[in-house]
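If you read the sequence from its start, that first residue is 1, and numbering goes on from there.
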Amino acid sequence: MPVSTQDDLLRRERVRLGATPSSKAAAIEEAAQLLIASGCVEPGYAQSMLRREAVANTFLGHGVVIPHGMGEDRHMVRRDGIAVVQVPGGVEWGTGQMAWFIVAIAARGDAHIAILRRLTALMQDGEILAALAVAEDVDEIVAALAGEAPRAAPAAPAADLAHRFDFVVDYPAGLHARPATAWVEAVRQSGLRVQVRHGDEVADGRNLVALLQLGLRAGDRVVVSAEGDDAAAGLARLRARMDSLTAQEVADAAKVAARGTDATRGWTPPGPLAAIEGIGASPGIAIGRLHVVAGGAVEVADVPVSLAEGGARLEAALAATRQQLAVLVDDTARRLGAADAAIFRAQAELLNDSDLITLACQLMVEGHGPAWAWNQAIERMAASLSALGNPVLAGRAADLRDVGRRVLALLDPSAVPGSLRDLPAVPCIVVAEELSPSDTAGLDLTLVVGLATAQGGPTSHTAILARTLGLPALVAGGGALLAAASGQMAILDGAEGRLYLDPPEPAIASAIAWREAMRARQAEAAQQRGAPAVTRDGHRIEIAANVNRPDQVRTALEAGGEGVGLMRTEFLFLERGATPDEDEQEAVYRAMIAALEGRPLIIRALDIGGDKQVAHLGLPREENPFLGVRGARLLLRRPDLLEPQLRAIYRAAMAGGDVSVMFPMVTSASEIVRLRAACERIRAELGAPVLPVGIMIEVPAAAVAADRLAAQCDFLSIGTNDLTQYALAIDRQNPELAAEADSLHPAVLRLIAQTVAGAAKHGRWVGVCGGIAGDPFGAALLAGLGVNELSMTPRDIAAVKARLRGSRFDELRALAARALDAATADEVRALDAGAQR
Ligand code: PEP
Ligand code: MG
């Protein structure tokens with residue numbers, strides 16, 4: 001297994017100097033791209049970093065920011081790494097906060113803590129930091145961050161304050177930014193002077209930077225001491241808060257570790273084995289003989305023919321290529337989906353470029369042969385596109401060369417060098433400088449078992465297509481890869497990005513065994529995920545996914561989702577700086593419907609307010625936003641938001657699909673009557689189909705009066721996140737009370753039971769789309785309470801289905817009855833141990 005060293009963490013290629021991002025979001029995107037391009041994170045990580053900023057600003061101070069992804073997205077981190085974007089002109093990070101130094105972090109564990117510590121040390125010296133903000137040499141930055149953190153020799157042995165306790169850091173990822181922020185908040189709330197000492201180093205408990213600078217790792221022992229009024233009691237509360245973070249940190253680490261045991265983790269050879277290192281682009285093990293495709297230098301003989309003949313041959317070759325591409329578009333769309341097929345549609349478009357054809361004709365008029373003239377035209381156009389230094393245009397140049405080669409192969413087959421057409425008749429790993437989309441899409445999958453390219457990155461065409469085809473692949477293997485010989489035996493580990501050459505027999509046997517075990521596990525898991533959640537005595541619970549974007553639907557279905565039970569449309573408004581208009585919304589809803597291919601889709605109308613504030617809507621500030629104008633209350637006051645959204649939904653539904661509309665934060669039946677009237681008016685205006693209209697049960701009043709509300713709507717879906725906060729009077733964002741905000745509190749369960757009973761009076765179905773639906777024990781209880789549908793984050797589906805499929809419905813009902821009778825959430829959770837026996 002590769003060991004992350006500090007050198008690995010910050011590599012030169014992940015430092016960008018002199019950046020000029022136009023906004024904070026652009027700066028984050030730029031930093032994320034560096035992490036993505038070097039294989040540290042999956043492409044979606046940029047969004048995760050943006051979400052993190054929405055939840056908590058990562059400005060450290062002194063112009064330094066440390067954007068990183070959400071804890072729940074840590075599985076997107078493939079390897080630990082840090083990227084630095086230097087913005088000499090600064091970029092505004094928050095009101096009055098300018099950032100010059102953006103240090104983006106991708107970390108599964110605590111390896112980055114050393115860099116964080118170093119960074120915070122640098123922050124103590126404004127001059128060094130100011131110099132780094134305008135440094136013109138990447139090495140200066142790498143050296144500054146990778147060096148050892150200076151440890152100021154304490155002037156006197158560090159002394160603790162009057163009251164103290166010892167604390168062993170038991171957060172598996174150490175004291176990283178999130179728990180450290182919680183410590184600071186707790187210290188500030190206490191009003192005490194608090195000091196945290198690790199050995200001789202002391203940090204002020206109110207100072208995030210100082211705390212991070214301690215560089216605490218799991219297992220480190222610190223002394224926390226305090227002075228001030230009632231210090232002993234304040235310190236006890238602080239300790240409780242520090243302890244309360246452990247459960248979440250341990251759960252996060254366990255999730256990361258659990259994911260690490262699937263195909264994303266590679267094979268470990270039985271003994272020392274030399275390997276060519278690249279970047280893992282598509283996981284899995286491939287075992288076979290190398291087939292090295294010769295480099296792309298094209299030699300075209302100039303064989304002049306008459307102009308008439310040259311013109312006719314070029315025209316015929318272009319027509320035949322268009323035909324080939326049309327077939328390829330069709331085939332790729334069927335095999336891999338429309339998005340991948342679009343590459344070839346764009347290539348076909350390039351063949352219609354009149355400048356290109358004119359240039360080729362001019363060269364023929366000058367007396368050159370058609371193959372030579374065509375190749376020259378392609379090369380000149382591609383070179384001028386590449387010369388502009390724009391990565392998008394450089395991509396077009398690569399496409400132009402790719403499609404040009406297709407035409408050339410028809411004009412002069414001998415000009416196109418060694419290709420994938422003469423594969424040996426044995427399983428082989430294709431090795432090439434870089435593979436074009438045509439190469440990859442045309443692969444004979446009966447022979448090709450893996451791909452390894454010297455160039456490219458994890459987001460190159462090769463990588464994307466390999467992942468879609470489920471073909472293990474390595475990219476960026478460098479020159480060593482091309483020096484390998486065709487026919488050599490090799491093992492390719494696409495998760496770790498390694499190619500082992502000439503492995504001995506025991507290594508091959510071990511790799512085969514690993515591959516077979518992985519296949520068996522994947523087949524078993526897919527079968528389990530795909531099967532419905534039917535209890536052992538035949539009761540079925542619908543399992544849906546909470547998905548906001550069309551491109552996430554596929555993963556959700558693969559995870560075992562039977563439809564989308566909650567599409568939070570506010571993300572359409574939150575993820576961009578402007579309100580999407582009716583057409584844009586319709587396009588997204590249509591794409592969702594199409595991606596679901598007839599499976600149910602519940603579109604939740606805009607739920608703005610509370611924790612979801614949208615600056616560009618210009619809503620008035622409220623003293624208590626969670627108790628203010630949010631959800632349905634806002635929609636009823638703002639027809640300019642409600643009506644375009646409803647029109648977009650109904651217009652999209654005219655194309656078919658199983659679509660329902662759902663309204664958030666409903667309190668009273670009168671609200672439903674008015675919202676339904678708006679739906680019906682718009683539906684009638686458009687001549688759209690009637691759609692089921694449901695409501696979310698998030699307010700205790702709605703749960704208690706569910707029988708009245710159910711009379712007015714078609715279904716009810718319980719938002720346990722909000723229902724819990726309102727029932728228990730605990731702000732869902734308050735970290736201090738997070739452990740007490742348990743959706744399995746018996747009072748919340750009673751509200752759920754009341755909702756189910758109320759809905760039953762009118763024959764309505766009830767779902768749950770809050771977080772507890774994704775907890776296997778919570779799901780079991782909800783099923784026992786009579787809930788019909790559970791909608792959750794896709795990654796939770798497999799475990800929930802497994803739990804339900806292993807249970808008996810009559811036992812779940814008995815379990816639910818006991819839970820309703822419990823006095824506390826802890827008592828309810830204690831029933832889990834009994835239920836599992
Ligand atoms: C809920 O409140 O449980 C819910 C699903 O809605 P959101 O988390 O979007 O408020
Ligand atoms: Mg809610």
* Going through the checks in order, is the side-chain contact (heavy atoms from CB on, under 4.5 Å) test met by H745 and T724? -> CA-CA 8 Å; H745 190 291; T724 306; 5.9 Å; no

* Asked: Any side-chain heavy atom of V224 within less than 4.5 Å of one from R239?
  -> no

* Asked: Do any N or O atoms from the side chain of N721 and from the backbone of G770 form a donor-acceptor pair under 3.5 angstrom?
  -> no

* Could you give me the CA-CA distance, side-chain angles and deciding distance for L175 and L214, then say whether side-chain contact (heavy atoms from CB on, under 4.5 Å) is met? => CA-CA 9 Å; L175 185 69; L214 293 175; 5.8 Å; no

* Asked: Do Q528 and K801 come close enough that some side-chain heavy atom pair is under 4.5 Å?
  -> no

* To do: Measure from the side-chain N and O atoms of Q33 to the backbone N and O of A46, and report whether any donor-acceptor pair falls under 3.5 Å.
  => no

* Can you tell me how far the NE2 atom of H68 sits from the CD1 atom of I28, to the nearest 0.5 Å? -> 10.5 Å

* Step by step, work out the side-chain contact (heavy atoms from CB on, under 4.5 Å) result for L35 and V77. => CA-CA 9 Å; L35 292 173; V77 176; over 6 Å; no

* Determine, stepwise, if the pair V65 / F101 fulfils side-chain contact (heavy atoms from CB on, under 4.5 Å). => CA-CA 6 Å; V65 291; F101 216 53; over 6 Å; no

* Could you verify whether a donor N or O on one side chain and an acceptor N or O on the other, from S791 and N546, lie under 3.5 Å apart? => yes

* Check: L145 and L9 side chains under 4.5 Å, non-hydrogen atoms -> no

* Could you grab the distance from atom CG of D243 to atom CG of L238, nearest 0.5 Å is fine? => 9.5 Å

* Asked: If we only count heavy atoms from C-beta on, is the I102 to V91 side-chain gap below 4.5 Å?
  -> yes

* To do: Could you pull out the closest heavy-atom pair between A232 and H163, with the gap in Å?
  => CB-ND1, 4.0 Å

* Asked: R14 side chain to I82 main-chain N or O, any donor-acceptor pair under 3.5 Å?
  -> yes

* Looking at CG of L492 and CD1 of I285, how far apart are the two atoms once the value is rounded to the nearest 0.5 Å? -> 7.5 Å

* To do: Run the salt-bridge test on D832 and R803 with the 4.0 Å N-O cut-off and return the result as yes or no.
  => yes

* **Minimum side-chain heavy-atom gap L728-E740 below 4.5 Å** => no

* Going by heavy atoms in the side chains, are L790 and L804 under 4.5 Å from each other? -> yes

* Check: R188 side chain, R206 main-chain N or O, donor-acceptor pair, under 3.5 Å -> yes

* Structure fact -> Nearest heavy-atom contact between L17 and A135 is CD2-O, 3.9 Å

* Asked: Is a side-chain donor or acceptor of D493 paired with a backbone partner of R498 at a separation under 3.5 angstrom?
  -> no

* Asked: If only atom types and distance count, is the side chain of R829 paired as donor or acceptor with the main-chain N or O of L831 below 3.5 Å?
  -> no

* Please check if the side chain of Q86 supplies one atom and the backbone of L132 the other of a donor-acceptor pair under 3.5 Å. => yes

* Asked: Are R12 and D139 side-chain neighbours, meaning at least one heavy-atom pair lies under 4.5 Å?
  -> yes

* To do: For R529 and E558, indicate whether the former's side chain and the latter's backbone hold a donor-acceptor pair under 3.5 Å.
  => yes

* Which distance, rounded to the nearest 0.5 Å, do you find between the CZ of F777 and the CD1 of I772? -> 9.0 Å

* Once you round to the nearest 0.5 Å, how far does CZ of R241 lie from CD of Q189? -> 8.5 Å

* Structure fact -> CG (D80) and CG (L10) are apart, to the nearest 0.5 Å, by 13.0 Å

* Asked: If you look at every heavy atom in R79 and G280, which pair is closest and at what distance?
  -> NH2-N, 4.5 Å

* Structure fact -> Nearest heavy-atom contact between M792 and A773 is CE-O, 3.5 Å

* Please name the pair of heavy atoms, one in G44 and one in M76, separated by the smallest distance, quoted to 0.1 Å. => C-SD, 3.7 Å

* In terms of heavy-atom contacts, does CG of D229 have more than 12 from other residues, nucleotides or ligands at under 6.0 Å? -> no

* Of L211, D220, V169, the residue whose pairing with H198 passes side-chain contact (heavy atoms from CB on, under 4.5 Å) -> D220

* **Shortest non-hydrogen contact between P67 and T58, atoms and distance** => N-OG1, 3.4 Å

* Asked: Do P179 and L245 come within less than 4.5 Å of each other through their side chains, counting heavy atoms only?
  -> yes

